[in-house]
2 protein chains.
Amino acid sequence: MRVRDDDLDAVTTVEHEDDAYLGEINDIVGFHIRLAHGACYRHFTETFTDLELTQKQVSVMWLVADHPGISQIDLGQKLRMDRATTMTIVNRLQARHYLRREKSPTDGRKQALYLEPAGEAALAEAKKAIREHENWVKSRFTDAEVKTLMELLARIHE
Amino acid sequence: MRVRDDDLDAVTTVEHEDDAYLGEINDIVGFHIRLAHGACYRHFTETFTDLELTQKQVSVMWLVADHPGISQIDLGQKLRMDRATTMTIVNRLQARHYLRREKSPTDGRKQALYLEPAGEAALAEAKKAIREHENWVKSRFTDAEVKTLMELLARIHE
DNA sequence: CTGGGATTGTATGCAATACAAACGAATAGG
DNA sequence: CCTATTCGTTTGTATTGCATACAATCCCAG
């Protein structure tokens with residue numbers, strides 16, 4: 001939102017700050033969503049290097065903990081992932097003995113997912129790290145702004 | 001933010017809407033950023049199937065157009081990508097003759113990037129599609145809300 | 001002017017995510 | 001009972017991201 005005069009001589013060795021002049025692309029909402037997501041993703045990754053968990057993996061464990069016996073398809077719908085993507089994530093978590101699959105007693109096509117003890121422990125650790133990560137995000141906002149931001153974002157993903 | 005009673009019997013065949021009860025994870029800001037980004041990304045991809053361009057590719061072409069002769073490192077800094085990632089994207093665009101590399105006259109280490117005619121044409125098409133995509137995003141907000149959202153998001157990515 | 005350190009581009013490899021297409025097993029509905 | 005649909009699975013492909021290593025170039029101290 002600021003005017004700079006280096007439009008035509010960007011080829012020269014002008015020092016750019018981090019938020020240097022970007023051009024009209026700066027007015028695109030999707031552009032800011034992508035950058036914000038990237039910043040969040042990077043900080044999340046740093047916070048979770050010790051736990052070796054990704055956002056998706058934590059989300060899946062969290063949802064399985066809140067919905068024991070959930071099927072992969074329901075999991076995927078809640079997190080907006082297709083079946084194949086859900087598979088690979090569940091596979092990884094199962095390989096690490098963080099959760100297990102059982103045949104659903106009510107529908108033979110479905111798998112019922114449950115956290116294993118190791119998964120419960122990992123999720124507990126993850127929630128601590130999440131709290132830290134959330135504080136990092138929220139540190140730049142008032143409570144009212146956080147509320148506003150979540151409402152606006154929710155409107156995008158329905 | 002609504003209470004549902006299927007916490008304990010999610011294993012039964014309960015119909016879930018898209019925004020079905022998620023649990024406490026629903027209060028995590030990062031979670032909503034990720035979902036909103038995913039929704040944006042999917043709509044973007046649909047809008048751009050004909051052009052065969054990704055968000056990153058469009059962003060790179062757009063910035064090169066606004067900053068002719070920009071180096072890869074400056075490009076990467078503006079879009080928060082590391083050198084290797086920037087490389088692969090520039091490689092792909094160069095292979096499609098959308099942009100070209102020239103040695104920078106002022107710094108022998110740098111490449112100066114310029115759009116090729118095919119790239120100008122593709123970018124012009126892309127901007128039309130972006131407009132459509134932006135309308136999709138903005139359709140659920142007032143102008144004031146859009147402004148608020150962008151300001152809040154900008155605070156996250158600095 | 002020269003040598004060492006920093007920067008830039010390049011190349012390679014690995015991991016995570018995303019989606020499409022296909023298949024088999026199981027279910028649901030007429 | 002037959003057919004269409006759903007769910008899980010497998011396979012393949014593409015994009016993105018990061019780490020590492022290397023060569024060329026630049027910059028600065030001495």
Side-chain angles (χ1 to χ4, degrees), chain A residues 11 13 15-16 34-35 37-46 48-49 51-60 69-77 79-96 100-113, chain B residues 11-13 15-16 34-35 37-46 48-49 51-60 69-77 79-96 99-113:
Chain A
V11 73
T13 53
E15 277 297 322
H16 290 103
R34 191 153 57 71
L35 285 189
H37 172 254
C40 254
Y41 177 82
R42 275 187 296 277
H43 183 270
F44 187 101
T45 304
E46 286 166 27
F48 278 75
T49 38
L51 286 171
E52 305 254 11
L53 287 171
T54 66
Q55 288 182 336
K56 291 279 180 193
Q57 289 166 1
V58 174
S59 300
V60 165
I70 193 174
S71 67
Q72 290 183 187
I73 199 77
D74 287 339
L75 202 49
Q77 276 168 8
L79 297 175
R80 308 297 196 279
M81 306 183 296
D82 74 354
R83 285 172 296 162
T85 305
T86 307
M87 271 287 306
T88 67
I89 294 172
V90 171
N91 282 346
R92 248 190 302 278
L93 291 174
Q94 190 184 35
R96 290 166 67 173
R100 69 178 188 280
R101 290 182 230 241
E102 292 181 8
K103 270 249 179 262
S104 165
T106 61
D107 188 335
R109 293 166 301 183
K110 293 187 177 179
Q111 300 275 18
L113 303 177
Chain B
V11 73
T12 62
T13 52
E15 275 296 321
H16 291 104
R34 191 154 57 71
L35 284 189
H37 171 255
C40 254
Y41 178 82
R42 274 187 296 278
H43 183 269
F44 187 101
T45 304
E46 285 167 28
F48 277 76
T49 38
L51 287 171
E52 305 253 9
L53 287 171
T54 66
Q55 289 182 335
K56 291 278 178 194
Q57 290 166 359
V58 173
S59 300
V60 164
I70 192 174
S71 66
Q72 290 183 186
I73 199 78
D74 288 340
L75 201 50
Q77 276 168 9
L79 297 176
R80 307 294 195 281
M81 304 184 298
D82 75 354
R83 284 173 297 159
T85 305
T86 307
M87 270 285 306
T88 66
I89 294 172
V90 170
N91 282 346
R92 247 191 303 280
L93 291 173
Q94 190 185 33
R96 290 166 68 172
L99 54 75
R100 68 178 188 280
R101 290 181 230 241
E102 290 181 9
K103 271 253 180 253
S104 165
T106 60
D107 189 334
R109 294 166 302 180
K110 293 187 178 181
Q111 300 275 17
L113 303 178

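Owing to the predicted nature of the structure, the values given are computational and were not obtained by experimental measurement. Order of the sequence lines sets the chain letters (A, B, ...), proteins ahead of strands, with each chain counted from 1.
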Practice item. Please list, chain by chain and in numerical order, all residues satisfying side-chain contact (heavy atoms from CB on, under 4.5 Å) with B:Met81, sequence neighbours excluded. Key: B:Lys56, B:Val60, B:Leu79, B:Thr85, B:Thr86, B:Ile89

Practice item. Compute the bend angle of the helix from C:dC1-D:dG30 to C:dG30-D:dC1 from the end axes (five pairs per end), rounded to 10°. Key: 30°

Check your understanding: Which residues satisfy the side-chain hydrogen bond (donor to acceptor under 3.5 Å, both in side chains) test with B:Gln72, sequence neighbours excluded?
Key -> B:Arg101

Review point. Between B:Lys103 (side chain) and B:Gly108 (backbone), is there a donor-acceptor pair under 3.5 Å?
Key: yes

Revision key, fill the gap. For B:Phe44, the ring pair (Phe, Tyr, Trp, His ring centres under 6.0 Å) test, sequence neighbours excluded, returns B:Phe48, B:His133

Practice item. Tell me, please, which residues at least two apart from A:Arg100 pass side-chain hydrogen bond (donor to acceptor under 3.5 Å, both in side chains). Key: A:Glu102

**Study point:** By side-chain contact (heavy atoms from CB on, under 4.5 Å) - contacts of A:Arg109 (at least two apart)
**Key:** A:Asp107

Review point. Could you state the CD-C1' distance from A:Gln55 to D:dT16, rounded to the nearest angstrom?
Key: 14 Å

**Study point:** 5'-most by nearest nucleotide on DNA chain C - A:Gly108 or A:Ile89
**Key:** A:Ile89

Point to revise | B/S/- contact track for nucleotides 3-15 of chain D, protein heavy atom under 4.0 Å | key: --BBBBBB----S

Practice item. Please identify each residue that fulfils side-chain hydrogen bond (donor to acceptor under 3.5 Å, both in side chains) with B:Gln55, with sequence neighbours left out. Key: A:Arg34

Exercise for review: Decide whether B:Thr88 and B:Asn91 meet the rule of one side-chain donor and one side-chain acceptor closer than 3.5 Å.
Suggested key: no

